*Asks:* 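I'd like to ask you about the structure that follows.
Counting begins at 1 with the first residue of the sequence. Owing to the predicted nature of the structure, the values given are computational and were not obtained by experimental measurement.
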Amino acid sequence: MIAGLSVFLFSSCQKDIEAMKPQNEDKGITTMDQLSVANDFNWKTTQDVELNLTAGTTATVVIKSSADVVYQKALLIPGEPYNSVLTLPTYEKELTLVFNGNSVPVKIVNKNITYSF
């Protein structure tokens, strides 16, 4: 009886495996030289963003992404502008500045962020 149940149990759990075929036909591309890329394609994966910050009080600012990835921390001093260049992934279009516990979303415009607290 145990042998009969084990044969039934092991044979009922088989799956039919089908070979997956790509949706697009292979166009005979076998080397990298055969690939075609637009002449204006941007290969860069990073962007340099100029950061200009000023504050009325001395405090630390945290510059982070919307996914809470911290890119930089800096001490802002009244009367002294803080200038820096951040190298960010090209997909970043907005950063969050955290100053004195307040979060401020700022957009990257023309690879530049200027903000005064």
Side-chain angles (χ1 to χ4, degrees):
M1 187 165 147
I2 293 175
L5 286 174
S6 58
V7 168
F8 174 73
L9 180 66
F10 290 120
S11 66
S12 65
C13 293
Q14 293 180 355
K15 289 186 177 182
D16 295 330
I17 299 174
E18 296 179 23
M20 298 295 292
K21 294 181 183 178
Q23 290 181 352
N24 296 337
E25 291 291 323
D26 183 15
K27 296 179 182 175
I29 297 174
T30 57
T31 66
M32 292 291 284
D33 294 336
Q34 294 173 328
L35 294 175
S36 123
V37 178
N39 289 335
D40 62 343
F41 182 77
N42 184 5
W43 292 92
K44 286 189 74 169
T45 58
T46 61
Q47 61 179 331
D48 291 333
V49 175
E50 186 177 332
L51 184 66
N52 303 302
L53 302 175
T54 56
T57 60
T58 301
T60 302
V61 64
V62 178
I63 300 126
K64 62 182 186 174
S65 71
S66 57
D68 288 335
V69 175
V70 175
Y71 289 120
Q72 194 171 57
K73 293 180 183 179
L75 179 65
L76 300 185
I77 299 171
E80 293 184 24
Y82 178 77
N83 301 314
S84 179
V85 176
L86 294 174
T87 301
L88 303 172
T90 54
Y91 59 80
E92 290 290 358
K93 304 296 180 211
E94 182 177 279
L95 295 177
T96 301
L97 306 177
V98 181
F99 186 76
N100 278 339
N102 298 321
S103 295
V104 178
V106 290
K107 293 201 181 290
I108 299 171
V109 179
N110 295 327
K111 297 187 178 186
N112 190 2
I113 293 176
T114 301
Y115 195 81
S116 185
F117 294 99

*Asks:* With sequence neighbours excluded, tell me which residues meet side chain to side chain contact (heavy atoms under 4.5 Å, CB included) with Leu35.
*Replies:*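 Once residues adjacent in sequence are excluded, the partners of Leu35 under the side chain to side chain contact (heavy atoms under 4.5 Å, CB included) criterion are Ile29, Met32.
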*Asks:* Asn100 side chain to Asn102 main-chain N or O, any donor-acceptor pair under 3.5 Å?
*Replies:*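 Judged by distance alone, no pair lies under 3.5 Å.
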*Asks:* Who passes side chain to side chain donor-acceptor pair (under 3.5 Å) against Asp48, sequence neighbours left out?
*Replies:*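 Per chain and number, Asp48 pairs via side chain to side chain donor-acceptor pair (under 3.5 Å) with Thr87.
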*Asks:* Among residues two or more places apart or on two chains, list those pairs meeting salt bridge (Lys or Arg N to Asp or Glu O under 4.0 Å) that have a residue in residues 50-71.
*Replies:*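 Matches after skipping sequence neighbours: Lys64-Asp68.
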*Asks:* Which atoms form the tightest heavy-atom contact between Gly56 and Pro78, and what is the distance?
*Replies:*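 Minimum heavy-atom separation between Gly56 and Pro78: O-CG, 3.5 Å.
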*Asks:* Would a 4.5 Å heavy-atom cut-off, applied to side chains only, mark Val62 and Tyr71 as touching?
*Replies:*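 Val62 vs Tyr71: side chains apart.
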*Asks:* For residues 78-90, pull every pair meeting salt bridge (Lys or Arg N to Asp or Glu O under 4.0 Å), keeping only residues two or more places apart or in separate chains.
*Replies:*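 Qualifying pairs: none.
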*Asks:* Which residues satisfy the side chain to side chain contact (heavy atoms under 4.5 Å, CB included) test with Tyr91, sequence neighbours excluded?
*Replies:*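 Side chain to side chain contact (heavy atoms under 4.5 Å, CB included) list for Tyr91, sorted by chain: Pro89.
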*Asks:* Could you tell me which residues satisfy side chain to side chain contact (heavy atoms under 4.5 Å, CB included) with Ser103, sequence neighbours excluded, listed by chain and number?
*Replies:*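 Side chain to side chain contact (heavy atoms under 4.5 Å, CB included) list for Ser103, sorted by chain: Thr96, Val98.
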*Asks:* Side chains of Leu76 and Thr58, heavy atoms from C-beta outward: is any pair under 4.5 Å?
*Replies:*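 No. Closest side-chain heavy atoms not under 4.5 Å.
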*Asks:* Tell me, please, which residues at least two apart from Thr31 pass side chain to side chain contact (heavy atoms under 4.5 Å, CB included).
*Replies:*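 Only Asp33, Gln34 meet the side chain to side chain contact (heavy atoms under 4.5 Å, CB included) criterion with Thr31.
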*Asks:* Are Leu86 and Val69 connected in a single hydrophobic cluster, I mean Ile/Leu/Val/Met/Phe/Trp/Tyr linked by side-chain heavy atoms less than 4.5 Å apart?
*Replies:*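 Same cluster: Val69 reaches Leu86 through Ile, Leu, Val, Met, Phe, Trp or Tyr contacts under 4.5 Å.
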*Asks:* Using a 3.5 Å distance criterion without hydrogens, assess whether the side chain of Gln47 forms a donor-acceptor pair with backbone atoms of Glu92.
*Replies:*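 Side chain of Gln47 to backbone of Glu92: a pair is present.
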*Asks:* If we check side chain to side chain contact (heavy atoms under 4.5 Å, CB included) with Ile63, which of these qualifies: Leu88, Leu51, Val70?
*Replies:*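 It is Leu51; the other options fail the test.
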*Asks:* Compile the donor-acceptor pairs under 3.5 Å between side chains in residues 104-117 and protein atoms, sequence neighbours left out, one pair per line.
*Replies:*
unit_1: Lys107; atom_1: NZ; unit_2: Glu94; atom_2: OE1; d: 3.3
unit_1: Asn112; atom_1: OD1; unit_2: Asn52; atom_2: ND2; d: 3.4
unit_1: Ser116; atom_1: OG; unit_2: Thr54; atom_2: OG1; d: 2.8

*Asks:* Distance-only, no hydrogens or angles: does the Lys93 side chain make a donor-acceptor pair with backbone N or O of Thr90 under 3.5 Å?
*Replies:*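 Checking the backbone N and O of Thr90 against the side chain of Lys93, a donor-acceptor pair under 3.5 Å is found.
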*Asks:* Quick one: list whatever passes side chain to side chain donor-acceptor pair (under 3.5 Å) with Tyr82, sequence neighbours left out.
*Replies:*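 If we apply the side chain to side chain donor-acceptor pair (under 3.5 Å) test to Tyr82, skipping adjacent residues, the hits are Gln72.
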*Asks:* With side chains defined as the heavy atoms from C-beta onward, is the minimum distance between Val49 and Val85 less than 4.5 Å?
*Replies:*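 No, side chains not in contact.
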*Asks:* Test question: given the 4.5 Å side-chain rule for I, L, V, M, F, W and Y, name all other residues clustered with Val37, or answer none.
*Replies:*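 Val37 shares its hydrophobic cluster with Phe41, Trp43.
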*Asks:* Mind checking whether Leu97 and Leu53 have side chains closer than 4.5 Å, heavy atoms only?
*Replies:*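 Contact flag for Leu97/Leu53 side chains = yes.
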